[in-house]
Asker: 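One structure, as structure tokens, below. Some questions next.
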Protein chains: 2
Amino acid sequence: MLRSQVSTFLEIDIETIRYYESLNLITKPARLSNGYRTYNDKNLEEIKFIQHCRSLGIGLEEIKALKNLKPASDCTSANVIIEKNLKLIEQKILDLNLLQIQLENLSKSCSTKGTSENCGIVKSLVKESLSFKKTLLKNKAQDHGHKNESIQ
Amino acid sequence: MLRSQVSTFLEIDIETIRYYESLNLITKPARLSNGYRTYNDKNLEEIKFIQHCRSLGIGLEEIKALKNLKPASDCTSANVIIEKNLKLIEQKILDLNLLQIQLENLSKSCSTKGTSENCGIVKSLVKESLSFKKTLLKNKAQDHGHKNESIQ
DNA sequence: CTTGACCCTGTAATCGCTACAGGCTTTAGA
DNA sequence: TCTAAAGCCTGTAGCGATTACAGGGTCAAG
């Protein structure tokens with residue numbers, strides 16, 4: 001299978017495949033005499049594995065760790081990774097629920113028909129942050145070591 | 001107020017303030033004779049406004065748009081921005097709820113005591129993605145124009 | 001024999017920061 | 001008075017996970 005076929009088959013961007021290869025997340029595919037990559041079943045499985053993990057929000061370095069688990073070793077590290085991602089997701093859900101409420105309130109505060117001078121949205125945004133927003137910001141600040149896992 | 005004072009007072013990283021200035025999100029603070037920036041009340045309000053919007057998950061370009069709304073103009077664009085972010089958040093919550101369920105299932109599938117050969121986590125991860133994970137990936141793919149707003 | 005579709009490599013852009021290098025200024029203490 | 005530390009300045013690079021683009025080679029169809 002050539003790159004574009006893999007891309008279509010697995011619904012993955014062509015460049016992403018090359019990116020994974022550059023990080024040694026997949027074994028290097030064989031090359032045809034003209035230099036074109038050919039992906040075999042093993043390559044495809046590896047890419048699918050990454051897709052699966054990514055769809056669970058697991059980071060690429062952690063995916064590499066999971067992939068490199070020796071079959072006979074104990075699986076504590078797999079547990080650690082899953083638990084860590086679970087906690088992150090739980091926190092994100094809590095944060096997003098707060099954001100949702102706030103944005104809904106903002107949305108309600110405008111009838112769409114006035115000038116922005118009278119607009120509840122603009123007024124509210126200009127007002128000082130409420131206390132629980134500071135809490136949110138602090139949560140984000142604690143996230144320093146995990147830059148890829150902010151609320152955004 | 002000098003940079004470090006603003007940083008402490010508003011609980012914002014020192015460099016972030018300069019970053020916002022570089023994007024013209026705040027008016028350029030006055031300079032002392034030695035070149036040091038001094039932040040006045042207006043500067044502080046602008047930074048607070050950005051913090052507030054950021055805490056709601058609004059992107060910097062959108063914050064700029066909100067900031068530039070003329071007082072007398074109508075506030076349709078403010079509404080559009082809020083509604084857009086609300087929809088994004090609602091979708092993210094749905095996605096994260098799915099991820100949570102999946103990771104919980106994964107977590108349950110391992111007793112922590114076996115080898116990774118027998119580990120339910122590793123086994124499940126290697127298995128092919130289920131259909132609703134593909135749905136998730138598609139949602140992400142549709143996010144192309146909003147790279148800062150992926151699930152991560 | 002040219003056009004277009006595909007492949008290759010390397011590198012820059014994205015977003016919202018954060019960090020660092022290399023240099024100036026100011027303040028406090030020895 | 002000297003010096004060290006803290007704070008400021010600028011410009012630039014790094015993060016993570018892609019995506020895009022420039023500049024080139026290869027291949028099949030018309």
Side-chain angles (χ1 to χ4, degrees), chain A residues 1-8 10-26 28-39 47 50-51 53-65 85 88 136-137 140-152, chain B residues 1-8 10-26 28-39 47 50-51 53-64 85 88 136-137 139-152:
Chain A
M1 261 196 184
L2 294 177
R3 217 146 66 97
S4 64
Q5 293 171 295
V6 176
S7 168
T8 307
L10 297 184
E11 299 184 71
I12 188 173
D13 189 280
I14 264 189
E15 296 293 312
T16 304
I17 303 172
R18 194 160 63 100
Y19 177 63
Y20 290 163
E21 184 186 333
S22 78
L23 296 182
N24 293 314
L25 280 168
I26 58 175
K28 299 216 182 290
R31 301 290 186 122
L32 299 174
S33 54
N34 57 14
Y36 290 16
R37 291 170 180 83
T38 33
Y39 295 84
I47 296 170
I50 299 169
Q51 279 189 299
C53 292
R54 287 294 301 130
S55 77
L56 295 169
I58 299 172
L60 293 180
E61 277 309 309
E62 290 177 330
I63 293 173
K64 198 185 252 180
N85 280 277
L88 280 170
L136 268 179
L137 285 170
K140 287 190 186 182
Q142 286 166 1
D143 232 9
H144 277 171
H146 321 280
K147 288 168 198 165
N148 61 327
E149 285 130 4
S150 67
I151 291 179
Q152 293 267 326
Chain B
M1 261 196 183
L2 294 177
R3 216 147 65 99
S4 63
Q5 294 171 294
V6 177
S7 168
T8 307
L10 296 186
E11 299 184 70
I12 187 173
D13 189 278
I14 264 188
E15 296 294 310
T16 304
I17 303 171
R18 195 161 61 101
Y19 177 63
Y20 290 163
E21 183 185 335
S22 79
L23 296 182
N24 293 313
L25 280 169
I26 58 176
K28 298 218 180 290
R31 299 291 183 122
L32 299 174
S33 55
N34 58 14
Y36 289 14
R37 291 170 179 85
T38 34
Y39 296 84
I47 296 170
I50 299 169
Q51 279 189 296
C53 292
R54 287 293 300 131
S55 78
L56 295 169
I58 300 172
L60 293 181
E61 277 308 309
E62 289 175 331
I63 293 173
K64 196 184 252 179
N85 280 276
L88 279 171
L136 270 179
L137 286 170
N139 285 341
K140 288 190 186 181
Q142 286 167 0
D143 234 8
H144 275 173
H146 323 281
K147 286 168 200 167
N148 60 327
E149 287 134 0
S150 67
I151 292 179
Q152 294 268 325

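Chain letters run A, B, ... following the sequence lines, proteins first and then strands; every chain starts at 1.
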Asker: Can you name the closest pair of heavy atoms from A:Leu10 and A:Ile47 and give their distance?
Answerer: CD1-CG2, 3.5 Å

Asker: In whole angstroms, how far is the P atom of C:dT14 from the CG atom of B:Leu60?
Answerer: 13 Å

Asker: Taking side chain as C-beta onward, heavy atoms only, is B:Tyr39 less than 4.5 Å from B:Glu21?
Answerer: yes

Asker: Check whether any side-chain heavy atom of A:Glu62 sits under 4.5 Å from a side-chain heavy atom of A:Asn85, and report yes or no.
Answerer: yes

Asker: Considering residues at least two apart in sequence or located in another chain, which fulfil the side chain to side chain contact (heavy atoms under 4.5 Å, CB included) criterion with B:Glu61?
Answerer: B:Lys64

Asker: Please report the closest heavy-atom contact between A:Ser7 and A:Ile12, naming both atoms and the distance.
Answerer: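 Taking every non-hydrogen atom into account, OG-O, 2.7 Å.
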
Asker: Give the rounded distance in Å between these two atoms: OH of B:Tyr19 and P of D:dC15.
Answerer: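 Distance, rounded to whole Å: 17 Å.
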
Asker: Can you name the side chain to side chain contact (heavy atoms under 4.5 Å, CB included) partners of A:Thr38, sequence neighbours left out?
Answerer: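 A:Thr38 satisfies side chain to side chain contact (heavy atoms under 4.5 Å, CB included) with A:Leu2, A:Ala30, A:Leu32 once adjacent residues are dropped.
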
Asker: In whole angstrom, give the distance that lies between atom CD of B:Glu62 and atom P of C:dC15.
Answerer: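 Roughly 11 Å, once rounded to whole Å.
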
Asker: Could you check how far CZ of B:Arg54 sits from C1' of C:dT18, rounded to whole Å?
Answerer: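 Distance, rounded to whole Å: 14 Å.
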
Asker: In whole Å, I'd like the distance from the CG atom of B:Asn85 to the P atom of C:dG16.
Answerer: 11 Å

Asker: Five pairs per end, C1' atoms only: what is the angle between the end axes of the helix from C:dC1-D:dG30 to C:dA30-D:dT1, to 10 degrees?
Answerer: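 Terminal axis comparison yields 30°.
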
Asker: Taking the side chain as every heavy atom from C-beta outward, state whether B:Tyr19 and B:Leu60 have any pair of such atoms under 4.5 Å apart.
Answerer: yes

Asker: When the distance from CD of A:Glu61 to C1' of D:dG14 is rounded to whole Å, what number comes out?
Answerer: 15 Å

Asker: Quick one: what's the B/S/- string for nucleotides 5-11 of chain C, heavy-atom cutoff under 4.0 Å, read 5' to 3'?
Answerer: -BSSBBB

Asker: A:Arg3: which residues meet the side-chain hydrogen bond (donor to acceptor under 3.5 Å, both in side chains) condition with it, sequence neighbours left out?
Answerer: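 Applying side-chain hydrogen bond (donor to acceptor under 3.5 Å, both in side chains) to A:Arg3 gives none.
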
Asker: B:Leu23 has an atom CG; how far is it from atom P of C:dT18, in whole Å?
Answerer: 14 Å

Asker: Under 4.0 Å between a side-chain N/O of A:Thr16 and OP1 or OP2 of D:dT19, yes or no?
Answerer: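 Yes, because at least one side-chain N or O of A:Thr16 sits under 4.0 Å from OP1 or OP2 of D:dT19.
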
Asker: What is the separation between atom CD1 on A:Ile26 and atom C1' on D:dA17, rounded to the nearest whole Å?
Answerer: 15 Å

Asker: Using the side chain to side chain contact (heavy atoms under 4.5 Å, CB included) criterion, which residues pair with A:Asn24? Sequence neighbours excluded.
Answerer: A:Lys28

